[in-house]
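This report refers to the structure that appears directly beneath it.
Note that this is a predicted model, so its numbers are computed, not measured. Basis for what follows: all heavy atoms, side chains included, without hydrogens, waters or symmetry-related copies.
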Amino acid sequence: MSAADMKAADPPVSVPRAPEGTRPQPATNGNRPPRKAGALLPYLLIAPAFIAIAAVFVWPFIKTVVMSFQDVGRRELWTGDAAPWVGFDQFTNILGDGEFWHVVLRTVVFMAVCVVATMAVGLGLSMLMQRMSTWVRLLLTAALVAAWSMPLLVATSIFRWFADSDYGVLNMVLTKYLGIDAQGHNWFLDPKQGFVVIGAVVVWGAVPFVSVTLYAALTQVPKELEEAASLDGAGTFGVFRFVTWPVIKPVFQMVATLSVLWDFNVFGQIFLMRGNKPEPEYSVLGIYSFEKAFESNSFSQGAAISLITVLLLSGVAVYYLRQLLKIGEVE
């Protein structure tokens with residue numbers, strides 16, 4: 001007998017129907033569906049990072065907030081005695097001090113100049129890297145990474161030697177090759193000239209990151225669009241403005257925002273360039289907070305200045321996070 005005959009010989013099987021007006025229920029085994037294996041694994045993997053962030057950032061931030069509403073001096077710091085609460089007195093004293101606002105203005109101007117110089121030099125280098133041969137670009141990238149990885153102490157020592165009044169390379173070049181009598185010139189007597197040297201250290205350390213990041217963004221610009229724009233009569237500036245810039249703009253804004261955050265909090269470059277004792281004319285917010293806390297022994301004032309700095313930068317941080325979210329949406 002064939003399979004078809006056997007199938008025809010089988011008696012029909014009646015399937016019971018559910019009563020009218022009732023919804024058929026899915027077959028279950030009476031237990032909840034088991035949780036997918038490994039569902040908690042991502043949370044376990046990032047748990048050490050959260051713990052480290054809490055230990056390094058969250059807890060010190062909480063202590064800073066508490067100290068800013070107290071009057072913590074050397075005695076309370078050494079003995080561990082409870083410091084008296086003063087409310088908003090630290091903030092009112094700082095915000096009512098004219099010197100503080102001079103320091104804020106100096107910090108903003110220094111940050112703006114450094115960010116503009118960093119982004120201009122970084123963008124120029126990244127565009128030059130597009131036109132270099134492969135081996136030259138690799139050599140330049142290696143040099144940029146080496147400069148970026150150089151310790152801050154080494155970098156500031158090199159620039160201090162460059163600007164030394166007696167043995168500095170800068171004075172020698174100006175005197176010997178450009179005919180400018182700069183022998184024995186002290187660049188740090190005038191704060192404007194001193195900030196030029198310090199700004200050079202800041203820009204020199206930030207340009208590698210900006211250049212490599214923007215070059216990575218430039219590699220995403222479609223060459224076909226640039227060629228089409230050139231064929232339509234657009235010049236070099238036109239191609240950059242209407243084709244290249246819209247593609248790299250999100251990355252440029254993100255890197256510029258990071259530069260604002262970094263340069264607003266400059267401390268080590270100024271502190272080391274001035275021999276661990278910056279003059280009042282070189283005070284930016286980081287130096288000002290340090291001096292109030294550790295030289296005037298007013299740790300609560302230093303904590304309050306730090307919180308004010310955080311509030312001043314909170315808008316920039318929010319803008320940076322928005323740029324990250326926009327880039328994520330585009331991707």
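Side-chain contact check for Ser289 versus Thr309: every heavy-atom pair is 4.5 Å or farther apart. Val115 is not listed as a side-chain neighbour of Thr118, based on a closest heavy-atom distance of 4.5 Å or more.
Among Thr175, Val169, Leu170, the single residue meeting the side chain to side chain contact (heavy atoms under 4.5 Å, CB included) criterion with Val173 is Val169.
The side chain to side chain donor-acceptor pair (under 3.5 Å) contacts involving residues 208-225 comprise Arg137-Tyr215, where partners must be two or more places apart or lie in separate chains.
Between Phe88 and Phe69, the ring planes are perpendicular. Angles over 60° get that label, and only those under 30° would be called parallel. Below 30°, between 30° and 60°, or above 60°: for Phe299 and Phe294 the angle between ring planes is above 60°, a perpendicular geometry. Relative ring orientation between Phe271 and Phe290 is described as perpendicular, the plane-to-plane angle rising above 60° on a 0-90° scale split at 30° and 60°.
Thr156 and Gln269 share no donor-acceptor pair across their side chains, judged by distance under 3.5 Å alone. Side-chain contact check for Asn171 and Trp187: at least one donor-acceptor pair (N or O, by modelled atom type) lies under 3.5 Å.
By the 6.0 Å contact criterion, CH2 on Trp148 is open, its count of non-hydrogen atoms from other residues, nucleotides or ligands being 12 or less.
A search for side-chain hydrogen bond (donor to acceptor under 3.5 Å, both in side chains) contacts involving Trp135 returns Ser133, not counting sequence neighbours.
The aromatic ring centres of Trp245 and Phe237 sit 6.0 Å or more apart.
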